2 protein chains.
Amino acid sequence: MLDGGQAVMLPAEQLLQPATASSPLWVRLAAGLEDAIATGSLSPGARLEGEVSMSERLSLSRPTVRRAIQELVEKGLLVRRRGVGTQVVHGSVARQIDLTSLYDDLRRAGRVPSTRVLDVTLAQATPQIAEQLGLTSPVRVLKIRRVRFADAAPIAVLENYLPEAFADITAETLSNQGLYHELRARGVTLRVARQRIGARRATVDEGHLLDIGRGAPVLTMDRRAYDADGAAVEYGHHCYRPDLYGFEMTLVDR
Amino acid sequence: MLDGGQAVMLPAEQLLQPATASSPLWVRLAAGLEDAIATGSLSPGARLEGEVSMSERLSLSRPTVRRAIQELVEKGLLVRRRGVGTQVVHGSVARQIDLTSLYDDLRRAGRVPSTRVLDVTLAQATPQIAEQLGLTSPVRVLKIRRVRFADAAPIAVLENYLPEAFADITAETLSNQGLYHELRARGVTLRVARQRIGARRATVDEGHLLDIGRGAPVLTMDRRAYDADGAAVEYGHHCYRPDLYGFEMTLVDR
DNA sequence: CCCCGGATTATGTTAGGACATTTGAGGCGA
DNA sequence: TCGCCTCAAATGTCCTAACATAATCCGGGG
């Protein structure tokens, strides 16, 4: 076998990130492993040290080591096979779709995001919007319309609806940081989101905002995000310039 | 509190699916819980019985119960909060994107899928295709072109590339079942896939096959699927009619 | 009546052990 | 030399046990 004839054993200091951080042990181990993969200490195809051996060497319990490895398996970085071992997957790594905003996505990709807020208005909700937010019909909602730029090029038109409780969100706040960041700052923790990705022709308005021809194709994403209580917090309707943005994800068979 | 003032306690027989099935305990419990949610025995917002209580009542260990619940949390059906408990999420359930083929997707949605195989040819790989499959340049690959129908309406044009080892796949086989089914039948187990979803204008050819106007928007998906060994098995380039198909997924914050 | 602080309850983390199952490789025999 | 069989190694499943931590509830004191 070319790949991983011998199991790779990395020093404990490299695997376990600094003890100063008071995060769970398995998180620190997972971070250490992910780092080792990212920096090339563990190259694609390499066979990992066995769970039992690793737990003894690091003075951790096997469940803890297992939990860390499981994390990376679900991220698509490692593959485990019973009777064989754990290997680093081939191919270049792609980040998984997270419950994050486009703003964070772009920053991580090393691009410079900026936002132009078109309008922030409190208006009567249409029956459709009210239903998406799980509210009874005659209710007012905050409507936000923004254009997102990456390195000065317009890449998306964002339309978001929130319950009236968030009516004090200002256009200024949204210019500086993403909507999700602002929600988190208010103590709202988003837990689950359902989204649908599709495509259609751009409306005249969208075509103008995105600087593409009228009727040009756009990539769309509708998302409903829920609170920890299960209450709908946000309904978003986004559309992207397909030549500048796409959704990448890693699927893992379980 | 309106929702879940009292924890719901379902009978053991309902939660644990038949013992005849020799699947792992946590799988059977997870299936039982998922069933209870699907049938409405556990309605949205309902509070689940605590882990400890449930494990005692079912004569299972807490880690086993935890594993089952964890599964449904990752599927987006349940939400857990420390100090509070576990609740069924609100909103209608949407299936998560899996490592499955479009063929299986449609069958599960209750639609009748069918396939028209355009051509199956063994040809010299372009440098791009070879690179996607992780092969050195001068190599032949199997190229498959199909049109997928759902209830007699064309919804996708599928273009797949496979290593020469699969050259004996015939057009006839592909008419009866999906490509992934055929691969599994040959002992190939797909473990990881990376995909990118985007949009663009349909080519003249695609517009004709999908019965849409030329230049109409199509939803595209490029996927590379890897074997358990980490070897690239398939590279696919699909395009869908956006008015008939979209990608739905559930995101869970961890 | 309001506010604050403990008791309660629930999930989160970690440990340590035992056995089952799958896989690959090496050795033995025909 | 080829094929079968056994064995070792690795992950998968399952158990018991304890402590940590967050959130809520409730009662007492101001």
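Quick caveat, the model's predicted, so the values are computed rather than measured. So that the names make sense, note that chain A is the first sequence line, chain B the second, and so on, each numbered from 1.
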**OP:** Mind checking side-chain contact (heavy atoms from CB on, under 4.5 Å) for B/Val120 and listing every partner two or more places apart, or none if nothing turns up?
**Re:** B/Val117, B/Leu142, B/Ile144, B/Ala171, B/Leu174
Subject >> Test side-chain contact (heavy atoms from CB on, under 4.5 Å) applied to A/Glu159 - qualifying residues, sequence neighbours left out >> reply: A/Lys143, A/Arg145, A/Tyr161, A/His237
**OP:** For B/Leu78 and C/dA10, give me the distance from atom CG to atom P, rounded to whole Å.
**Re:** 16 Å
Original post:
Once each nucleotide of nucleotides 7-17 of chain D is scored for protein heavy atoms under 4.0 Å, what B/S/- sequence comes out, 5' to 3'?
Top reply: ---BBBBSBB-
Subject >> Under the side-chain hydrogen bond (donor to acceptor under 3.5 Å, both in side chains) test, residues paired with B/Thr39 that sit two or more places apart >> reply: B/Ser41
Subject >> Whole-Å gap separating P (C/dT11) and CG (B/Leu72) >> reply: 14 Å
Original post:
Mind checking what makes side-chain hydrogen bond (donor to acceptor under 3.5 Å, both in side chains) contact with B/Glu164, not counting sequence neighbours?
Top reply: B/Arg140
Original post:
Residues in side-chain hydrogen bond (donor to acceptor under 3.5 Å, both in side chains) with A/Arg67, at least two apart?
Top reply: A/Glu71
